[in-house]
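In what follows, a structure is listed as structure tokens, so that the remarks can point back to it.
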Amino acid sequence: METLNKKNNLRLAILILCICMTLPLSGQNKKAFKTEESTIRFLADKVLETTSLQLINHKTGKTYTTGKNVEISEDIKLKSKYVDWHYENGVLNLSLLRMSEILNDPKYSNYVSNNYKYAFDQLEYFKNLYDKKVKKPSLFRYFKMSMLDDCGTMGAALIETYKTEKDPRYKKYIDKVAAYISNKQSRHSDGTFVRDHPVEMTLWGDDLYMSCIFLVKMGQLTGEQKYFDDAAKQVINFTKYLYNSNDQLYNHAYILPTKEHTPAYWGRANGWIMMAQVELLNVLPKNHPKRVELLEILKQHIRGIVKYQGGTGRWHQVLNKVDSYEESSCTAMFTYCIARAVNEGWIPDYYSIAALQGWEGLKNNITEDAQIKDICVGTHVEINAPFYYNRPKSVNDTHGLASTLLAGAEIHRMKKTHK
């Protein structure tokens, strides 16, 4: 009987081993995911490898290294989406610059510099298409500049690039963005940034980051207090209009003419808002008269956010609704912000647990081919909750990719400095 049991146990062990060998390795078992540094390098290097500094004719497939001496055609676009002028790419650029800083590796900042240089070198070609009223040619947002999405994040990352490159074309654009945001962007009577499209006088949580990230970088570049003051005013005013003190969460938007809030606490909107707070506090002068108030706003928001973290470490698309899906971009944003707040000493170290759990949840959504799952697509404002519940999920959308790089870099920093 004992011999028979041994044989059966051996057969069972062999069977289990065979089954395990046929299963695909999870990302967490691969070398790329052993550390925060290896994980974010794995994701970022995939971006670098797949970016092409070329133009392509989408009808013929022919590629060009430059637009010079190429016939003007609406079929020709930038080959790589990462080179185009879009707010998502601005956030990605900022993330890669932060990675370069934390990892002390110029590879990623050089990538950003090369992308900007290539885009600026192609401006003349695509300006011809834009002037001919071709619908949405590459780089059209560079010329359009009619909302914060067009210029805020791309301008912010360009400021960082300008500090080392000193290209006069960059400075000219940076000054243009500063003039637009300070003097032309639509505002409420109290100075709060609003949108006129698709609904007039609508205050979007997204715009707090789109504006503040440029204002704080411009304040650093020029040393002018007015940019810090404007950013501080925006955080305080957005909190006044969007924050619900009972739930300790922000609504996505507020429609000023009708005094209506959107009906859902959208995850990524709260992520944009928290990131704006963090980036402002990171550079705000220690003696700024609003610093204490701004720090308390961030603490209250973090206290609220940690209450809604799920058991996987991830947060939900609609934060207070567990029947909505777990979403990667807001999880990455909160992970980054909480870790950054711990690293800067703004909140107690025990909050690091929430950041670490958030990072583990994110890692479980990274595939072996450097894709991040469950990222909500771009989202506008609606006055119905099902709209937020039913927003499609995408894979490796730049919203989630950029914020995951930020989160991993800050967790890496936190582990080095907070044993």
Side-chain angles (χ1 to χ4, degrees), residues 85-91 130 133 135-136 139-159 172-219 222 224-243 250-264 266 268-277 279-280 290 294 297 378-383 387 399:
W85 210 264
H86 195 280
Y87 76 86
E88 294 177 39
N89 288 340
V91 185
Y130 184 79
K133 310 298 182 185
K135 186 178 180 181
K136 295 185 177 180
L139 303 177
F140 79 91
R141 294 175 185 85
Y142 175 97
F143 310 111
K144 179 170 167 271
M145 201 183 292
S146 64
M147 60 193 303
L148 291 165
D149 280 0
D150 294 334
C151 57
T153 63
M154 288 296 288
L158 187 62
I159 289 174
K172 183 178 179 181
Y173 180 79
I174 289 165
D175 289 341
K176 185 178 179 181
V177 176
Y180 170 77
I181 292 178
S182 295
N183 305 317
K184 295 182 180 180
Q185 169 63 33
S186 297
R187 298 183 186 232
H188 186 38
S189 57
D190 62 3
T192 312
F193 291 124
V194 294
R195 296 198 187 199
D196 292 327
H197 178 80
V199 181
E200 283 193 57
M201 297 299 288
T202 305
L203 193 149
W204 292 37
D206 319 43
D207 285 341
L208 186 58
Y209 181 80
M210 304 302 158
S211 58
C212 283
I213 192 62
F214 181 86
L215 291 170
V216 299
K217 298 293 185 184
M218 195 65 182
T222 64
E224 294 185 49
Q225 179 85 6
K226 66 179 182 179
Y227 296 111
F228 297 130
D229 290 345
D230 197 6
K233 176 172 67 178
Q234 298 306 321
V235 171
I236 292 167
N237 285 1
F238 271 71
T239 299
K240 177 178 70 175
Y241 287 112
L242 297 180
Y243 186 66
Y250 286 77
N251 287 283
H252 181 198
Y254 181 69
I255 302 172
L256 285 157
T258 60
K259 295 182 171 60
E260 289 180 276
H261 284 109
T262 48
W266 181 39
R268 192 155 69 230
N270 277 261
W272 288 130
I273 291 167
M274 189 179 286
M275 283 177 63
Q277 296 169 21
E279 300 302 341
L280 173 58
K290 298 295 183 182
L294 292 166
I297 287 173
T379 298
H380 57 272
V381 166
E382 288 283 352
I383 305 295
F387 168 78
H399 293 97

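For the numbers below, each heavy atom of this structure counts, side chains included, while hydrogens, waters and symmetry mates do not.
Here the side chains of Thr192 and Tyr254 are not in contact, with every heavy-atom distance at 4.5 Å or above. Phe193 places a side-chain heavy atom less than 4.5 Å from the side chain of Ile181.
Formation of a donor-acceptor pair under 3.5 Å by the Gln234 side chain with backbone atoms of Gly191 is found in this model. Put simply, the side chain of Asp150 never gets that close to the backbone of Arg141: no donor and acceptor are under 3.5 Å apart. Ser182 places no side-chain N or O within 3.5 Å of a backbone atom of Ala179 that could act as its donor or acceptor partner. Without hydrogens or angle criteria, Ser186 side chain to Asp196 main chain gives no donor-acceptor distance under 3.5 Å. Looking at His86, its side chain does come within 3.5 Å of a backbone N or O of Glu88 through a donor-acceptor pair.
Across all their heavy atoms, Cys212 and Ala276 have their closest contact at CB-CB, 4.2 Å. Nearest heavy atom pair, residue Val216 against residue Ala231, reads CG1-CB, 4.2 Å. Shortest non-hydrogen contact noted between Ile273 and Gly205 is CG1-O, 3.6 Å. Across all non-hydrogen atoms, the minimal contact from Ala253 to Thr202 is CB-CG2, 4.2 Å. The two residues His252 and Ala269 have their closest heavy-atom pair at CD2-CB, 3.6 Å. Listed here is the closest heavy atom pair of Thr379 and Asp206: O-OD2, 4.5 Å.
Checked against Tyr130 for a ring pair (Phe, Tyr, Trp, His ring centres under 6.0 Å), the options Phe140, Tyr142, Phe143 give a single hit: Phe143.
Between Arg187 and Asp230 there is a salt bridge, with a side-chain nitrogen of the basic residue lying less than 4.0 Å from a carboxylate oxygen of the acidic one. Asp149 and Arg195 are joined by a salt bridge, as a carboxylate oxygen and a charged side-chain nitrogen come within less than 4.0 angstrom of each other.
Note: Phe228 CZ to Thr222 OG1 = 7.0 Å, rounded to the nearest 0.5 Å. Rounding to the nearest 0.5 Å gives a distance of 4.0 Å between CZ of Arg268 and NE2 of His399. The NZ atom of Lys217 sits 6.0 Å away from atom CD of Glu279, with the distance rounded to the nearest 0.5 Å. Atom-to-atom distance recorded for Asn89:CG and Thr153:OG1 is 8.0 Å, nearest 0.5 angstrom. Residue Met218 holds its CE atom at 8.0 Å from NZ of Lys226, rounded to the nearest 0.5 Å. To the nearest 0.5 Å, atom OG of residue Ser146 and atom NZ of residue Lys184 are 11.5 Å apart.
Evaluation of the side-chain contact (heavy atoms from CB on, under 4.5 Å) rule for Ala232 yields Leu280, His288, Lys290, Leu294 as partners, not counting sequence neighbours.
Within 6.0 Å of NZ in Lys144 there are more than 12 heavy atoms belonging to other residues, nucleotides or ligands.
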task: Check the pair Tyr241, His188 against side-chain contact (heavy atoms from CB on, under 4.5 Å), reporting the backbone distance first and the verdict last.
output: CA-CA 11 Å; Tyr241 287 112; His188 186 38; 3.0 Å; yes
message: Between Trp204 and His380, does the side-chain contact (heavy atoms from CB on, under 4.5 Å) criterion hold? Intermediate values first, please.
response: CA-CA 9 Å; Trp204 292 37; His380 57 272; 3.8 Å; yes
task: Starting from the C-alpha separation in whole Å, work towards a yes-or-no answer on side chain to side chain donor-acceptor pair (under 3.5 Å) for Thr239 and Tyr250.
output: CA-CA 8 Å; Thr239 299; Tyr250 286 77; 2.8 Å; yes
task: Run the numbers on Ile255 and Val199 for side-chain contact (heavy atoms from CB on, under 4.5 Å), then give the verdict.
output: CA-CA 8 Å; Ile255 302 172; Val199 181; 4.2 Å; yes
message: Is there a side-chain contact (heavy atoms from CB on, under 4.5 Å) between Phe238 and Ile297? Walk through the geometry before answering.
response: CA-CA 11 Å; Phe238 271 71; Ile297 287 173; over 6 Å; no
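Ring orientation note: the planes of Trp85 and Tyr173 are nearly perpendicular, at an angle over 60° on the 30°/60° scale. Using bins of under 30°, 30° to 60° and over 60° for the plane-to-plane angle, the ring pair Trp272/Tyr87 lands in the perpendicular bin.
Separation of the Tyr243 and His261 ring centroids does not fall under the 6.0 Å cut-off.
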